Amino acid sequence: MSETSATGKPASDMGLVVVGAAGRMGQTLVRAIHTIPGARVIGAVERADSPHLGKDAGELAGIGIINVPISDDPLPVFAKADGVLDFTTPASSVEFAGYAAQARIVHVIGTTGCSAEDNAKIAAAARHATIVKSGNMSLGVNLLAVLVEQAARALDADDFDIEILEMHHKHKVDAPSGTALLLGEAAAAGRGIALAGNDVRSRDGHTGVRKTGSIGFATLRGGSVVGDHSVILAGTGERITLSHHAEDRAIFARGAVKAALWARGKKPGLYSMRDVLGLS
Ligand code: NAD
């Protein structure tokens, strides 16, 4: 665990564990931590059946050997860490939140597709762990969410329909994306309604006319797209489109490391990327 100097500032680099270290985001995280002052990789964890167990996390990520072998046992590495960066699966993130709470360390969760039940368990773990969870860790998307909330507030539901269009690479397993849902929540907040019950997640066949005030989602999958999102506010005779295009996963990884550094020393609780970026 970290020490604090007389000035109240952390005396040493923040030791981070990357779980899912062999994944697309896991490898990007290892590379990002390597370039960011104040943080270093001290552990790497993968599934028990991963073909990458025992390999060096830095070498796998293409930055050379960092003397951090990939292990399938989170507990010993969590015990010596200051924080965990987690872009894995909902079930794994719930499990890791419990371990982070036991170890009383920072847990940054980028995993998407969590159910309401998963989120309730993560919120319970946040009584002891300092958790930052967001469907998108980039500055650009979190700023976009603020703009979407403002636009939805300014443009009346009777006059402007809100539709959210997203596209991701063909390997993505959940839909709509966590980012599309984050933007939907922002639109709903602007309208003063809950997203649940007002969301239309797919359309097929004879759907009937659009329900006033609903927030629609459309999902595209293909190729290697890192993440494209557009929020369309469609009125009669005019249309506003607010968009973000992610070109490199490094934006999410840098955001996650920033979140971990921000959360270090904060009291336990569940925080969002908007808190980290001062956009709340
Ligand atoms: P991926 O499949 O490439 O990587 C996930 C990795 O997690 C895999 O290597 C897998 O073996 C590992 N894993 C799964 N269960 C594990 C466990 N119990 N213990 C240790 N490792 C485990 O997927 P990806 O593209 O890297 O995305 C991962 C998640 O991050 C997805 O939910 C995705 O939507 C999300 N994501 C979020 C953001 C954001 O900014 N919040 C950005 C990109 C991706």
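Position 1 is the first residue of the sequence, and the numbers go up from there. Read the numbers this way: they start at 1 and go in the same order the structure lists the ligands and their atoms. Model, not experiment: these values are computed from the prediction.
- The closest approach between G178 and ligand 1 stays at or above 4.0 Å for every heavy atom of the residue.
- Contact check on K55 versus E46 returns no salt bridge, with no Lys/Arg side-chain nitrogen under 4.0 Å from an Asp/Glu carboxylate oxygen.
- Of all the atoms in ligand 1, the ones that sit under 4.0 Å from a non-hydrogen atom of G110 are 30 (O), 35 (C), 36 (N), 37 (C), 38 (C), 39 (C), 41 (N).
- A donor and an acceptor atom, one from each side chain of D73 and S71, are nowhere located under 3.5 Å apart.
- Each of the atoms 34 (O) of ligand 1 lies under 4.0 Å from some heavy atom of K172.
- Residues that satisfy the ring-ring contact (aromatic ring centres under 6.0 Å, His included) test with F96, not counting sequence neighbours, are F78.
- Residue S177 does not touch ligand 1, judged by heavy-atom distances below 4.0 Å.
- Residue contact check for ligand 1: S50 places no non-hydrogen atom closer than 4.0 Å to it.
- Residue contacts with ligand 1 do not include R249, since none of its heavy atoms lies under 4.0 Å from the ligand.
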>> Run L85 and I33 through side chain to side chain contact (heavy atoms under 4.5 Å, CB included) and show every step you take.
In response: CA-CA 10 Å; L85 304 185; I33 297 166; 3.7 Å; yes
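- For V19, the heavy-atom gap to ligand 1 stays at 4.0 angstrom or more.
- With distances taken over non-hydrogen atoms, the option nearest atom 34 (O) of ligand 1 out of V94, D72, T112 is T112.
- Exactly one of I215, I164, L147 qualifies for a side-chain contact (heavy atoms from CB on, under 4.5 Å) with V231. That residue is I164.
- Note on residues 191-211: no pairs pass ring-ring contact (aromatic ring centres under 6.0 Å, His included), not counting sequence neighbours.
- At least one N/O-N/O distance between S92 and ligand 1 falls below 3.5 Å.
- With salt bridges taken as basic N to acidic carboxylate O contacts below 4.0 Å, none links K172 and E166.
- The contact set between ligand 1 and T111, taken as ligand atoms under 4.0 Å from a residue heavy atom, comprises 32 (O).
- At a 4.0 Å cut-off, not a single heavy atom of G113 sits close enough to ligand 1 to count as contact.
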